[in-house]
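One structure below.
Everything numeric in this text was worked out from a predicted model, so none of it was measured. So you know, we letter chains A, B, ... as the sequences are listed, proteins then strands, and number each from 1.
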Amino acid sequence: MNFADRIRAELKRAALSIGAPSNIDPLVERPRDPMHADWASNIAMVLARPLKRKPAEIATAIRDAISLADAGVDRIEIAGPGFLNFRLDPAAVANTVRDIVAANENFGRGSEGEHCPVVVEFVSANPTGPLHVGHGRQAALGDAISSLLEWTGWHVSREYYYNDAGVQIDNLELSVRAHIDAGDGEAVIPEGGYHGEYIREIASRYDASTLETVRNFAVRALRAEQDLDLQAFGVQFDTYYLESSLYIDGKVRETVERLIANDQTYEKDGALWLRTTDYGDDKDRVMRKSDGTYTYFVPDVAYHVTKWQRGFTRAINVQGADHHGTTTRVRAGLRALHMGIPEGYPEYALHQMVTIVKQGDEVKISKRAGSYVTVRDLIDWVGRDAVRFFFLMRKGDSPLIFDVDLALSQSEENPVYYVQMAHARMSGIFRVGELDAAKMDISAVDLSVLTEPEEQDLIKQLIDFPAEVDGAAKALEPHRITAYALDTARLAHAWYHKHHVLGEPAPVMSARLALARATQIVIRNTLGLLGISAPERM
RNA sequence: GCGCGCGUAGCUCAGCUGGAUAGAGCGUCGGCCUCCGGAGCCGAAGGUCGUGGGUUCGAAUCCCGCCGCGCGCACCA
């Protein structure tokens, strides 16, 4: 049990003993300013009203009723308007190093999700070109969110949805065909077509004698292309779902029929409309255009029905914020089906744009794709680890400026380098000491000698990891983990600079080796969770 | 115009579900240092949290108005 839980349990017991209501759930949190305390609770202020007593008085009574040993606490102070401030017992803190080392690669994992199935859909780019940097941000986010959910006990399926059936595919076909028809001459790309160099390349590879249609060939080529992009980024999907299959399997037709049967639709101006305004949309939406084809959102709804029917009671869609307008209508369509799909299904994790900056200037073009920078360009420039870390450094809500020069820097200004360096340093201690970190037995080591401020601060940070993972998973916010990684690295560097491990008297050296091991484990787990490597040396 | 998101230190950004004197990195300034692993370490300055109200013991955080920026508002995806 961690310190917060131990303190919370003791607080509750103490509060009940002085007559607090039985439903009390004490809030125990880390104060913003660590000078105040390791942990603090506002319970006395909360109880002031129901107990009709002054907060300070209640705080004193609770303090006197708490068992310090059970809470793992050294002392309790009362401060400000009635905060209870808990200072952890240094020996109890130090002893948690043993738990971290024992848990090893499982340290940080939780069981909150209870193996419930959840599908995380991300990237889902149309097979019409190489992945751009926005897709890259999405790939990093989606993969990290998936990992966060796995770490907290969910059964995650990573899914990619290919829009391989709409007009954009018609345009792809026409674009490739234009190059084929033009031969070596100048191709005339039709309105709405694609202009990148890759189109010419696909056209040049097309062999009519195979009898494969241009359309299929082009889609196949681009899916292969995107697979390479994803591979370069180290992202793996469990399922690729094809929009075209929804038509083939009759899912689109079934969805439409059910919506009509449910009396959720009407005909107007030669089109079929869905009453999405009944479900919070600001206008009704066309399902079937007057030319008889469906708008994209019908297969989209049909697709989400399959998620539900495949047993995913929870679905998360990672999307660019430029698509946020679609969220309401997809949810509206799902509810109009009356299948018991809840209002907030699917959940959305939206993210803002990515801007690539090199030497102070925005980079907007690439040779291969023409008007945009591809993920692979970026990975080729700065490496997979840096791309992942940088994409996860900001919360999705804020636009992201990607500084290529910083990502390339081999110094501690570069955050990825800084974190990886901390891991490498811990590993370096074992290497120089000619010790096998993985085989170290610390069961008999007296950890209570880890009393230096830098040691206590570092250990407290390490203990926090599971709660950080839990919080980030609940909020679907991986950027909290990159922030945690930087904080941890900072404390690890500070400890490393101030104190030596090798060459110290045996009891100190043993305890510090254990701490170095625990630090190595936590940084490695943190980076692993984010899909970033933890090098032994740099 | 309507909807969503964002305005926090010179710059880039954190601030978890309302808590104490609002933080970090970079940059600036002032000192040290060469150590298991490298241009590293310590300290300082720097803020009306866009703005005006409201909610309450307490607001960067929640609610409303206004200003600014981004995105979206198709019988495109």
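- By the 5.5 Å and 30° criteria, A:Phe83 is not stacked with the base of B:G19.
- Using a 4.0 Å heavy-atom criterion, one finds that A:Asn85 contacts the bases of the nucleic acid, with or without backbone contacts as well.
- The residue A:Ala467 sits apart from the nucleic acid: no heavy atom pair falls under 4.0 Å.
- Residue contacts shown for A:Arg537 include a base, since a base heavy atom lies under 4.0 Å away.
- Residue-level contact check: A:Met393 touches neither bases nor backbone, having no heavy atom under 4.0 Å from any strand.
- Distances shown here put a side-chain N or O of A:Lys395 below 4.0 Å from the OP1 or OP2 atom of B:G15.
- The phosphate of B:G37 has neither OP1 nor OP2 within less than 4.0 Å of any side-chain N or O from A:Arg431.
- Centroid-to-centroid, the aromatic rings of A:Tyr160 and A:Tyr241 stay 6.0 Å apart or farther.
- Considering only heavy atoms from C-beta on, A:Tyr194 comes within 4.5 Å of A:Gln168 through its side chain.
- For a distance-only test at 3.5 Å, the side chain of A:Asp322 fails to qualify as a donor-acceptor partner of the base of B:G72.
- Within the 4.0 angstrom heavy-atom criterion, base atoms lie near A:His499.
- Across all strands, A:Thr295 comes closer than 4.0 Å only to sugar-phosphate atoms, never to a base (heavy-atom distances).
- Across all strands shown, the partner of B:G19 is B:C57, judged by Watson-Crick or G-U wobble contacts whose two distances both fall under 3.5 Å.
- Residue A:His479 places at least one side-chain N or O closer than 4.0 Å to OP1 or OP2 of B:G15.
- The partner of B:C35, taking Watson-Crick or G-U wobble pairs whose two distances both stay under 3.5 Å, does not exist in any strand shown.
- With centres under 5.5 Å and a plane angle under 30°, the ring of A:His500 is stacked against the base of B:C36.
- If you check B:G65 for Watson-Crick or wobble pairing at under 3.5 angstrom, you find it paired to B:U51.
- With both pairing distances under 3.5 Å, B:C2 is matched to B:G72 as a Watson-Crick or G-U wobble pair.
- Contact annotation for A:Tyr496: base contact, defined as any heavy-atom pair under 4.0 Å involving a base atom.
- Atoms CG (A:Leu27) and P (B:C16) sit 13 Å apart, rounded to a whole Å.
- No donor-acceptor contact under 3.5 Å links the side chain of A:His324 to the base of B:G5.
- Rounded to whole Å, the P atom of B:G70 lies 37 Å from the corresponding atom of B:G40.
- Counting non-hydrogen atoms under 4.0 angstrom, A:Lys283 reaches the backbone sugars and phosphates but no base.
- Candidate nucleotides B:A20, B:A77, B:C13 were compared by shortest atom distance to the side chain of A:Asn126, and B:A77 ranks first.
- One can place OH of A:Tyr296 at 10 Å from P of B:C75, the figure rounded to the nearest angstrom.
- Between A:Ser124 and B:A77, a side-chain N or O to OP1/OP2 separation shorter than 4.0 Å is absent.
- In this structure, CG of A:Leu502 is placed 12 Å from C1' of B:G37, rounded to the nearest angstrom.
- Across the strands present, B:G27 finds no partner; the criterion is a Watson-Crick or G-U wobble pair with both atom distances under 3.5 angstrom.
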